[in-house]
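Everything quoted here is computed from the prediction, not taken from an experiment.
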Amino acid sequence: MKSVKKLSRKILRAFKGYRSKEGDLKKEQGNPVTSQLGFVDHIGLRHVHGWVMDPDDPAERLSVEAFLPETGESLGNAVASQFNHGIAGVGDNSRQYGFWFPLKREITPEEQKNLQVRVPGRKEVCRAPNLESWHPLLHVAMDIVDNCNLRCPFCLYDYSKVRKTHFMTQETLESALRLMPYTKDREFWFSCLHEPSLHPDFLSFLNLVPPAMRKKVFFTSNFARRMPESYFQGLAKSEISHVNISLESLTPEIYERMRKGARFPIFMENWDKLITAFNEVNSSVNLYYIIMAYKSNLDELPSMARYLIEERRAARVEIRYTYDVPFIEAAFRDQEFLQEEDWDWLQANLPHLGSGQVVLDRPAFSKTREDDVAEPDVVPAAYSEAGFLPDRYLARLMWDGTLELRGISRASEGEAMVEIPILTRNIRDIDDLDSFFHSLNCSKIPS
């Protein structure tokens, strides 16, 4: 969120300078000054989307039109009034300046290069500096197994009834990998809730990812299972985006209490092998450390963050709070959850905070406990009836190929970005993904 706001401020500063020069010129020419701010984020063969607003009149919602300048052919229009999750701190802060609309016909790749979007009576909407490829998936959260080797007391998943581990087949994986072109770098999660190293073919599965797509991939692991050196050497050479290492403490007693079922000496052995393997090849794979903050480990977190950055190749240290899911034991919650003053102390003492290397994800204490529980099973009708935004989907993919797709409600506004269930289908049953996403988009086009 902070990075989006920072980008918004930069856009506004750059735009103010441009608008001033443009205004002076138009005044000299005797023309009225009309201004707009926005970008075309994507031009597809069948649709366009982006956002635009009038900074002088933030309440106005501008009309936009797609056309071919060579022939003047109009290919579609809309009002820029949709929620756009990617902007913040702009205009009235509602984020209701987005547009997405289908073209009247499928255009050619050459026409795609030349297509323009304009505000009638004003001017062309600029193409984004890095005009996106078509990425309708905000992320793909996949798991290749459905179990974990540990039973951490703060886990978001209820393992109380899990007795068996199921493994994704190569056939299912190959079908799942077809989703990769549809999401951005660092947004294809090879593990979401479970421990991927339980899969006997985990490393070979990573190697099935096309080299051009590997920067899209990351996974999270507790590294608590003893693994051979070849495993860590394979990770070092994998060329994926990053690895998330789960770690709460460097004190054996605290580590083993938080990572129930783990043995600190085995973790340290694996960790040393990992660092050695990454150092030997100067691996391009980044190491991110994910740490949950509790009363037991609070005092050591500042020095631990510094150690991870200076000694253990940390590209990022993320310290998080725990979502208060119902099955976390009340005794653990009462004994370990931090109070607001604890978070204040941590924020004041963490090194490199704000640099991007250290990130603190603290709870909002204005919320009630019920507000902070994981997402409800039932989405309020006001959101679901409003429909979902085209080209903005979140995918959850299970070991057996079950694909659960969620969308962002068109009724979302400001900070209230609401996800709504759309469909559940097996990825193996979807033959043409281009047509699948296009038909999904068109099923909820605003009238």
Side-chain angles (χ1 to χ4, degrees), residues 1-9 11-12 15 36-44 46-55 57-66 76-103 117 119 125-128 131-132 134-139 182-184 187 364 371 375-376 378-396 404-423 437-438 440-447:
M1 185 66 65
K2 290 181 180 179
S3 61
V4 172
K5 290 181 179 178
K6 186 176 181 181
L7 177 60
S8 299
R9 288 195 296 268
I11 292 172
L12 285 169
F15 175 75
Q36 65 193 47
L37 173 63
F39 288 110
V40 180
D41 292 321
H42 175 64
I43 297 176
R46 307 186 210 184
H47 65 271
V48 297
H49 69 74
W51 65 277
V52 67
M53 63 158 291
D54 183 344
D57 187 4
E60 182 181 5
R61 297 302 184 257
L62 302 176
S63 296
V64 292
E65 176 192 24
N77 58 77
V79 176
S81 60
Q82 298 178 0
F83 178 79
N84 186 310
H85 85 291
I87 57 175
V90 174
D92 59 15
N93 208 32
S94 67
R95 304 200 205 186
Q96 301 279 355
Y97 298 112
F99 60 83
W100 186 104
F101 58 92
L103 300 175
V117 177
V119 176
V125 181
C126 298
R127 294 187 176 212
L131 196 68
E132 292 182 3
W134 188 30
H135 294 140
L137 293 175
L138 298 179
H139 69 237
Y182 299 95
T183 194
K184 297 181 181 179
E187 295 299 346
D371 292 332
E375 298 170 2
V378 179
V379 177
Y383 290 108
S384 57
E385 290 174 0
F388 51 83
L389 295 175
D391 270 354
R392 287 295 180 263
Y393 307 118
L394 304 103
R396 176 81 177 96
E404 296 178 353
L405 211 61
R406 287 178 171 252
I408 298 175
S409 172
R410 292 183 60 233
S412 298
E413 186 168 349
E415 300 300 316
M417 189 176 81
V418 180
E419 299 175 17
I420 56 175
I422 296 177
L423 60 80
F437 286 117
H438 181 65
L440 194 65
N441 289 339
C442 290
S443 70
K444 287 293 179 180
I445 293 173
S447 58

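When every heavy atom of Trp51 is checked against every heavy atom of Leu37, the shortest pair comes out as CZ3-O, 3.5 Å. When every heavy atom of Gly407 is checked against every heavy atom of Ile422, the shortest pair comes out as N-CD1, 3.4 Å. Summarising the geometry of Ala386 relative to Ala411, their closest heavy-atom pair is CB-CB, 3.7 Å, with the distance given to 0.1 Å. For Asp41 against Ala128, the heavy-atom pair with the smallest separation is OD1-CB, 3.9 Å. Nearest approach of Val379 to Glu419, heavy atoms of both residues: CG2-O, 3.6 Å.
When atom types are taken as modelled, the side chain of Ser409 and the backbone of Val418 share no donor-acceptor pair closer than 3.5 angstrom.
Applying the side chain to side chain contact (heavy atoms under 4.5 Å, CB included) test to Arg46 and every residue at least two apart in sequence or in another chain returns Glu106, Ser435, His438. By the salt bridge (charged side-chain N to carboxylate O under 4.0 Å, His left out) test, Arg127 pairs with no residue at all, sequence neighbours left out. Among residues two or more places apart in sequence or in another chain, the salt bridge (charged side-chain N to carboxylate O under 4.0 Å, His left out) test is passed with Glu132 by Lys184. The ring pair (Phe, Tyr, Trp, His ring centres under 6.0 Å) test applied to Phe437 returns Tyr182, not counting sequence neighbours. Partners of His47 by ring pair (Phe, Tyr, Trp, His ring centres under 6.0 Å), not counting sequence neighbours, listed by chain and number: His42, Trp100, Trp134. With sequence neighbours left out, Glu413 forms a side chain to side chain contact (heavy atoms under 4.5 Å, CB included) with Ser94, Gln96. Residues passing the salt bridge (charged side-chain N to carboxylate O under 4.0 Å, His left out) test with Asp57, sequence neighbours excluded: none. With sequence neighbours excluded, no residue satisfies side chain to side chain donor-acceptor pair (under 3.5 Å) with Ser63. Residues that satisfy the salt bridge (charged side-chain N to carboxylate O under 4.0 Å, His left out) test with Glu404, not counting sequence neighbours, are absent from this structure. Under the side chain to side chain contact (heavy atoms under 4.5 Å, CB included) criterion, Ala80 pairs with Val52, Phe99, sequence neighbours left out.
A distance of 9.0 Å separates CG in Leu62 from OH in Tyr97, rounded to the nearest 0.5 Å. Leu137 CG to Leu394 CG: the interatomic distance, rounded to the nearest 0.5 Å, is 8.5 Å. Here the straight-line distance linking atom NE2 of His49 with atom CG of Asp391 works out to 4.5 Å at 0.5 Å rounding. With rounding to the nearest 0.5 Å, the separation of NE2 in His139 from CZ in Arg396 is 9.0 Å. To the nearest 0.5 Å, atoms CG (Asn84) and CZ (Arg95) are separated by 8.5 Å. The distance from atom CG of Asp92 to atom CD of Glu60, rounded to the nearest 0.5 Å, is 12.0 Å.
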Worked check of side-chain contact (heavy atoms from CB on, under 4.5 Å) between Leu440 and Leu405: CA-CA 11 Å; Leu440 194 65; Leu405 211 61; 3.4 Å; yes

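Using a 4.5 Å heavy-atom cutoff, the side chains of Arg410 and Leu389 are in contact. A 4.5 Å side-chain heavy-atom check between Glu187 and Leu138 finds every atom pair outside the cut-off.
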